[in-house]
Asker: 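Below is one structure. I have some questions about it.
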Amino acid sequence: MLGSCIEPYQHEVIQMPNNYLVVDGFINTGNGPTTFKLTRTQNLGDDENPRNETGATVTIEEEGGARFSLKETGAGVYSINTIPVNPTKRYRLHIKTSKTRAYISDFVPVKMTPAIDALTWEAEPDGLQLQVSTHDPQDNTRYYRWDFEETWEFTASERATGEVVGDTIVRRTAESENIYQCWRTEPSTSIKIGTSSRYNQDLISKFPLQKLAPSSEKLRIGYSILVKQYAQTQEAYAYWEALKKTTESVGGLFDPLPSQFKGNIRSVADSQEPVIGFLSAYSVEQKRLFIGRQELPQQWYMPPPLCQGDSATVSMETAIGYVKNNDPYWGLKGAVYGELNKLEGYKVKYKGCVDCRIYGTNVKPEFWPQ
Amino acid sequence: MASLYRGILLLLLASFCCLHSLSAQHTKGAPVTGNFNNLAFEEFVREVEARSGYKFYFDPAAVDSVRVTVQVTNKPLEDVLAALFRNTGIRFAIDAQQRVFITKGKQLQLALPENFFEPTPAGAEAMVAGAEQSDDQGSKRAASEIKLYEIGDRRNNPSGKATISGYLRAAGTGEPIFGASVYIESPLIGTTTDQSGYYTLSLPVGHHQLRIRGIGMQTTKRQVMLYGNGRLDIELQEDARVLKEVIVEADKDKNVSSLLMGVEKLDIRSIKQVPTAFGETDILRVILTLPGVKSAGEGSTGMNVRGGSADQNLILFNNAPIYNPSHLFGFFSAFNPDVVESAELFRSAIPAKYGGRLSSVLEITSREGNKQKFAGSGGIGLLTSRLTLEGPLVKDKTSLIVGGRSTYSDWLLKKIPDPTFSKSTASFYDVNALLSHKINDNNSLILSGYLSKDKFRLGADSLYTFSNQNASISWKHTFDEKLFGKFTGAYSHYGYGVESDKNPVTAFALDFGINQANFQADFNYYPTAKHTVNFGVSTNHYSISPGSFQPNSSESIVTLDRLQSEQALETAVYASEQFEITPRLSVEAGLRYSLFNALGPREVLTYAENMPRTENTVEDTTFYKSGSPFANYHGPEYRFSARYGLGDHSSVKIGFNRLRQYIHMLSNTVSMSPTDLWKLSDSKIRPQVGNQVALGYYQNFKANTVELSVEGYYRTMRDFLDYKSGASLFMNHHIETDVANAEGKAYGMEIMLKKLSGRLNGWISYTYSRSLIKVNNPERGEVINNGNYYPSNFDKPHDLTLISNYKFSKRYSTSFNFTYSTGRPITLPIAKYTFGDTQRLLYSDRNAYRVPNYFRFDVAMNLEGNHKAKKLAHSSWTLAVYNVTGRNNPFSVYFKSEEGKVKGYKLSIFGSPIPTITYNFRF
């Protein structure tokens, strides 16, 4: 009846000569290392990975005090082990690129993050709601940001029956490498921020962090979430809020308009040059939650994944070739026997159907319950 | 004979020179002045006795059938009575002691000249015309079409030109008919009636066939022998097929001859012909088809007039301002079409009596209830139903009209594939009531009330409600023939609330409210025929509670947070004079002086000078006690317009105006949303000031039935508000830290060709316009797009609109709409980057790109029931198809990070043809 619709929109690639500095990281005021990743923006149509900013000089300056230099530990990744942070001082970031273009941030205060009180979950009719609760008895935090990492157990859709040992294919045994049961870990992709600024206590109660549909593959066998909590300044909170608004909820009738906005890092030579990122100094608190399948409502049963892909029966040589050359498509299922148990060849299938390592790791994480 | 007077006795008296010359022959008593509308003879007598030294003597039974409707100024009583009793068999006599003797059949003989009733005064002949014709449709009306009316004194002014004027009224209801054409065919001379149904026409003396054509009225004619200036009031029969939805346009000759520029008056009849998305007549949506009026998109009723923002329009409903003119996310306008009489939009030359907004004034007027008989109307549509009842409380004196509307729209929301909508619920209702009371000929009173309420729940979470409440009283008083006054008191309330109770620990209720009390006195003074003076005074008291945020459950840990309330007083005095220097050249100059005081109680923050305003730059806090002004602004607002007639059918006009606005809407969403905040000027937020110059050329063709207008304008605006990037407007205690002062300029050209009568009617308009904004206050940290001008959200340079209606027969007509416009500007992503494991977007300068162009075509068919004048109820069906071509007009284009990838989306609100059917009835 009503033709309201949302369609994909392919607009002509806007080719602009843009190549701006992206500063991703924070000053860790707790015990962990401080790491900054420097990259460059790309055109929308660019399929490559973002270009790393290598060979830069990155230092952190204490207001009226010491400077700490960061070392490039990977391409575009600059790190330093624990900085002896003075919580009463302010800090800022200096970056000089290999092309000697200098960038500087504002001074930012040190925030100490309170511990997470609880991670909880509720089975709601439309899915699993994960929630975080925290409070700051000092009443110093008020603005919070969270990241999380989800890990879940899954299986390949079919068990492989054969494996390549030396130059032949043999039947799998209990000692064979497990390629059926795996774990997958993914970081959060959306910005989660919350504030208690409107409450009479610095308390966050059951902030909704993540919602999973009852049919989510993540809940099929076992699910774990690691939540990291960061205390934010009001300015940092505003930056993340603006970033969230302009990149996650734009275009609805009542959504805010997107627009350019500035962080607290700028080019020394040209204050108009866009620089992406916002320097903050805080410590990190984290907590992990595990949810087993048996804790969830019965009716949320999720069948194992179906194999969707081609299969073929090939000679042993061909099958071994696929495995040894790590063929991107084909994986070995096992021997095929016809009438009278006559070996007819070897079945190969789309790799994702028989080898769970395509999607995750077969190494059980340390935190996974026995 | 007395039966003739069962209906209204319409007396057509004016300043006939013939009557004056006649009266010179006699020694007459004190003249009578007054507006007597449909009075019983005894009431009339009391009025006259109260105002003069006359004393009446009569038998009430002899005059019980006489009703008096007459407007007289300094008229001898003899003349008034002569006209009144013409053809009734009632006689009168007046003696030297000013005693009036009324008798039936035979005149009481006093010492008066024998020839008192001879010859018949020509004016009196005309007086009876209305009476004869009002009585019955049949033969009498036909008779009046062939009857020769003599206007003016035949012994006077035998050659040259004379002026004939009078009122056009609907038989039965007595409602004035505006926008009707009154003309003669050879030579072609014509005019149209104004809002009160008044026309005036200057014709060569001699015999004429006066033709009268009004949409919705049966076309008629009158034979006139014009000797001199005179008056002819005409009653018209309603055209049965029109079913109440009468009347179009007051603009015909006005287009060329009036001083006004950029004014469009639409009556409900032409509004009803325009197909809409949900089959319900929508006044605002039709206003949006006028040149120079745009909106951010479908599903948004925020108007942008000549490049101004949505808060720059003063929307008056029966004199009371309406803050949110829409229902249901903007898909419906807040005005019930059955109750509305007309909508008038001033966008160029805004009369001095209006002020307080920069871009336009939209005045929406309710109908008065039927003063003769009980009647009703209504409609049943796919989403809404409505019912209106009206009738006299005291016949011919007091009438009431009450209309209501409600919706059952939840089912529709379920159909929208956007989960935000499909999980939602929404409903609204509105109620209108208008009481009109005629105290006497010099005093009338109108009381109006309006209530609307909307309720919706978006995405099964928070419940939103918003409500308009308005009440107004206006008293019109005639001091004398030259001075008229109107005194208006109005009260407006707009409020919204948001409630959430999903998590009892964080359950909250948020409220916003604005109250405005207004008093206004307007005077019109006509010292001579060439001068018109308007003057008046108005005062507005505003009180805003900008927000309170409070716990909504016993467990809730939400703390009560209340933004400081705001109070202010806005006062203005104005005067303007219209001067007709020559028939070709007329000018109007006006001055409005407005004064604004922001009043305590209030805590006012002082920020470090020349620093970005943030919480960290607060230097001081001052407290102002209740009623003490802490910020004052005042300034003149100039209004000037001039007209030069190039001929009888064309003219050029020029206008300049300055306006000041002290109340601002804060919004950072594309469409006008119910939760937008209104904010008064204070020590940080300066009033908006706008200037506009406009130049126009106007030409009418074919007896003023086709009119062309070409208008160009240039506007500047300063100190309107734009938001800083990522601004937070929610429960913000120091909103000045999140908004930026913007400067704007807008210019454009509007061409419109209009035909409002005949089988084919409608209009076609083309507009070229630009609307640009600049924000450049580096010392305050307010710079957008490097301080350069950028297009506003509603900058759509090209706009072509066709609205048309073709009548195949009396019962069957078809409407076509066609709209094309440039896509509105948007801010597009120009680069992507990876940040915190997710790909995100870097956006371009604000509004640097545009969405695809907009195109839409709608069709509607109206089928009327049969046209027997006497039947229980008249009904009609409207079948309409909105967006026939099913074009997916983008409402917006946006990009989202999903699963770590950037995806672009286009949102269309009406992406396929939308058929609707509506049943309307009237009884």
Side-chain angles (χ1 to χ4, degrees), chain A residues 1-11 14 16 18-20 22 24 39-44 46 49-50 147 187-191 196 198-201 203 205-206 208 234 238-239 241-243 245-262 272 274 276-277, chain B residues 299 329 412 415-418 420-421 503 505-506 549 557-559 561 668-671 673 725-726 728 731 786 793 827-838 840-846 883 886 888 892-897 899-900 902-912 914:
Chain A
M1 173 73 228
L2 190 81
S4 157
C5 57
I6 296 170
E7 300 171 288
Y9 176 69
Q10 309 292 337
H11 79 113
I14 299 160
M16 300 262 290
N18 63 76
N19 187 24
Y20 307 121
V22 180
D24 187 5
T39 52
R40 288 277 166 181
T41 65
Q42 306 162 269
N43 281 340
L44 292 173
D46 191 342
N49 284 328
D147 274 342
S188 53
T189 55
S190 65
I191 295 164
S196 64
R198 256 169 255 299
Y199 305 151
N200 57 16
Q201 305 159 47
L203 168 68
S205 160
K206 292 186 171 179
Q234 194 190 341
Y239 178 84
E241 190 179 34
L243 189 63
K245 273 185 195 165
T246 52
T247 58
E248 288 175 14
S249 68
V250 173
L253 264 71
F254 298 115
D255 289 336
L257 294 160
S259 60
Q260 251 186 30
F261 54 93
K262 286 191 171 158
Q272 297 301 318
I276 287 139
Chain B
F329 321 113
L412 179 95
K415 302 276 178 198
I416 303 181
D418 184 335
T420 318
F421 285 108
N503 179 350
V505 179
T506 55
F549 186 80
I557 59 163
V558 165
T559 39
D561 185 10
N668 59 354
T669 58
V670 174
S671 53
S673 107
S725 293
S728 168
M731 287 305 288
N786 296 324
N793 292 331
T827 308
L828 274 185
I830 52 168
K832 60 181 181 184
Y833 58 94
T834 304
F835 196 61
D837 296 313
T838 309
R840 297 192 187 277
L841 299 176
L842 178 69
Y843 281 89
S844 68
D845 279 350
R846 201 177 280 183
N883 195 10
N888 283 359
S892 69
V893 166
Y894 60 101
F895 295 79
K896 250 181 167 172
S897 288
E899 309 286 324
V902 176
K903 290 179 181 168
Y905 292 98
K906 184 173 93 166
L907 169 68
S908 317
I909 297 183
F910 303 108
S912 58
I914 299 172

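Naming convention: chains lettered A, B, ... in sequence-line order (proteins, then strands); numbering from 1 in each chain.
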Asker: Can you tell me which portion of Ser196(A) sits under 4.5 Å from chain B's heavy atoms? Options are side chain, backbone, both or neither.
Answerer: neither
Asker: What residues form a side-chain hydrogen bond (donor to acceptor under 3.5 Å, both in side chains) with Asp24(A), not counting sequence neighbours?
Answerer: none
Asker: Taking all non-hydrogen atoms of both residues, which atom of Thr189(A) and which atom of Arg840(B) are closest, and how far apart?
Answerer: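 Looking at all heavy atoms of both residues, the shortest contact is O-NH2, 3.3 Å.
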Asker: Does any heavy atom of chain A fall under 4.5 Å from the side chain of Phe835(B), the backbone, both, or neither of them?
Answerer: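 Looking at Phe835(B), backbone and side chain both touch chain A.
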Asker: Return the minimal non-hydrogen interatomic distance between Ser205(A) and Val505(B), and the atom names on each side.
Answerer: OG-CG1, 3.3 Å
Asker: According to side-chain contact (heavy atoms from CB on, under 4.5 Å), who are the partners of Leu203(A), at least two apart in sequence or on a separate chain?
Answerer: His135(A), Gln201(A), Ile557(B)
Asker: Based on non-hydrogen pairs under 4.5 Å, which of Ile276(A), Thr39(A), Val22(A) is most in contact with chain B?
Answerer: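 Answer, by heavy-atom pair count under 4.5 Å with chain B: Ile276(A).
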